[in-house]
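Predicted, not measured: the structure shown is a model, and the values here were computed from it.
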Amino acid sequence: MRKAGDEWVKGKVYLLALAACLGTAAAMEASAKAAGGALFLLLVLCFLKREKHSVYLFIVCIFLISLFRGIAADSNNVTSISPETSFVEGKIMAGPDIDGNLLTMTLSLPHKETLPVSYIISSPEEKEELQTLAPGLHCRLPGSLSPPSKSSNFGAFDYQQYLYRQSAHWVFTPEHLTASHCLSKSTDMKDRLKVWRHEAFTGLKTSFLRTYKD
């Protein structure tokens with residue numbers, strides 16, 4: 001009996017996974033058309049496979065649970081930062097990445113919001129100093145907020161929507177940035193792994209650039 005139940009689950013697992021994924025995706029799109037289209041697709045698949053009515057009901061339940069969980073999560077995805085904010089405090093969770101004179105990194109703020117940071121480096125000396133920054137450092141930065149750019153072309157990459165799905169609603173531009181703005185505090189193993197990965201990537205990038213120049 002148990003073996004038969006396991007076989008049933010294995011035979012339907014892709015439909016269950018698809019129902020969960022489509023429900024979550026429809027919630028992220030926040031569109032009734034997307035939800036209706038996804039549900040219609042699931043029902044068509046069930047019909048083509050000639051599934052029993054109980055399977056239809058189970059798949060619809062999984063889809064609706066995923067949809068409403070996604071909607072609930074999306075309703076909590078709001079910013080708690082005032083547009084007039086002139087100082088931010090947070091921990092470096094990604095980066096910093098330096099491309100030419102542009103430094104980008106992502107801060108994790110105390111209230112679980114993430115904040116992309118973009119800074120224009122003004123000199124080679126400043127660039128060398130900022131290369132000491134690493135994940136896990138806690139920063140207090142002066143600067144200003146701006147909304148992320150939104151795609152104006154159909155089908156183009158929508159940076160604003162991408163950041164929204166990362167719980168980021170602003171881009172922060174520091175007035176000035178030095179290594180002294182970011183201090184080391186006790187870090188957990190996750191932060192240490194990020195530091196090692198960042199150092200390894202930076203080392204490989206530096207070696208590649210030296211080789212390319214030679």
Side-chain angles (χ1 to χ4, degrees), residues 28 74 76-153 155-214:
M28 292 173 67
D74 190 65
N76 294 323
N77 187 10
V78 294
T79 183
S80 59
I81 308 175
S82 168
E84 290 77 30
T85 296
S86 58
F87 273 92
V88 296
E89 293 187 39
K91 182 172 70 173
I92 300 177
M93 62 176 294
D97 298 313
I98 298 177
D99 185 4
N101 67 338
L102 176 65
L103 179 146
T104 57
M105 61 183 181
T106 303
L107 296 181
S108 175
L109 305 183
H111 42 273
K112 305 300 182 181
E113 189 170 345
T114 59
L115 183 64
V117 176
S118 179
Y119 178 71
I120 302 297
I121 300 171
S122 60
S123 68
E125 293 76 20
E126 186 181 36
K127 182 176 184 178
E128 184 176 358
E129 178 187 1
L130 294 177
Q131 286 175 337
T132 62
L133 298 179
L137 295 179
H138 290 253
C139 303
R140 176 175 169 80
L141 307 175
S144 58
L145 295 169
S146 61
S149 58
K150 188 175 182 179
S151 173
S152 57
N153 298 322
F157 176 71
D158 193 331
Y159 185 56
Q160 186 180 73
Q161 185 67 15
Y162 168 77
L163 291 183
Y164 177 79
R165 291 174 179 173
Q166 308 298 318
S167 298
H169 306 271
W170 304 95
V171 175
F172 189 76
T173 304
E175 292 179 0
H176 52 275
L177 178 60
T178 65
S180 62
H181 282 112
C182 301
L183 302 176
S184 177
K185 294 185 179 181
S186 57
T187 57
D188 55 22
M189 181 56 67
K190 185 177 180 180
D191 288 331
R192 292 174 185 172
L193 290 173
K194 288 182 178 180
V195 172
W196 294 336
R197 184 179 63 182
H198 175 73
E199 290 176 347
F201 176 78
T202 302
L204 287 172
K205 184 177 179 181
T206 302
S207 299
F208 175 79
L209 290 175
R210 287 176 179 172
T211 304
Y212 181 77
K213 289 179 180 180
D214 293 340

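Summarising the geometry of P116 relative to L163, their closest heavy-atom pair is CG-CD2, 3.7 Å, with the distance given to 0.1 Å. Nearest heavy atoms, L133 versus A179: CD2-CA, 4.0 Å. Taking each heavy atom of I92 and A134 in turn, the nearest pair found is CD1-O, 3.5 Å. A pairwise comparison of heavy atoms in S180 and L183 identifies O-CD2, 3.9 Å as the closest pair.
Going from atom NE2 of H181 over to atom OH of Y119 covers 9.0 Å, rounded to the nearest 0.5 Å. Note that CD of E129 and CD1 of I121 are 10.5 Å apart. Values are rounded to the nearest 0.5 Å. Distance check, rounded to the nearest 0.5 Å: CG of L177 to CD1 of I120 gives 11.5 Å.
Considering only heavy atoms from C-beta on, L130 stays 4.5 Å or farther from P96 through its side chain. In this structure, L102 and S118 have side chains that are in contact, with non-hydrogen atoms separated by less than 4.5 Å. Inter-residue side-chain proximity for M105 and P135 is flagged as unmet; no heavy-atom pair is nearer than 4.5 Å.
Under the rule for a side-chain contact (heavy atoms from CB on, under 4.5 Å), the partners of T85 that lie at least two apart in sequence or sit in another chain are I81, S82, V88, L145. With sequence neighbours left out, the side-chain contact (heavy atoms from CB on, under 4.5 Å) criterion links T106 to M93, A94, T114. The side-chain hydrogen bond (donor to acceptor under 3.5 Å, both in side chains) check on T132 picks up nothing, with sequence neighbours excluded. Y162 is linked by a ring pair (Phe, Tyr, Trp, His ring centres under 6.0 Å) to F157, counting only residues two or more places apart in sequence or in another chain. A search for salt bridge (Lys or Arg N to Asp or Glu O under 4.0 Å) contacts involving E89 returns R140, not counting sequence neighbours. A search for side-chain hydrogen bond (donor to acceptor under 3.5 Å, both in side chains) contacts involving S86 returns nothing, not counting sequence neighbours.
Side-chain N or O atoms of E113 include none that pairs as donor or acceptor with a backbone N or O of L109 at under 3.5 Å.
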Would you mind writing out the side-chain donor-acceptor pairs for residues 169-176 within the sub-3.5 Å range, not counting sequence neighbours?
from : atom 1 : to  : atom 2 : distance (Å)
H169 : NE2    : N77 : OD1    : 3.0
W170 : NE1    : T79 : OG1    : 3.0

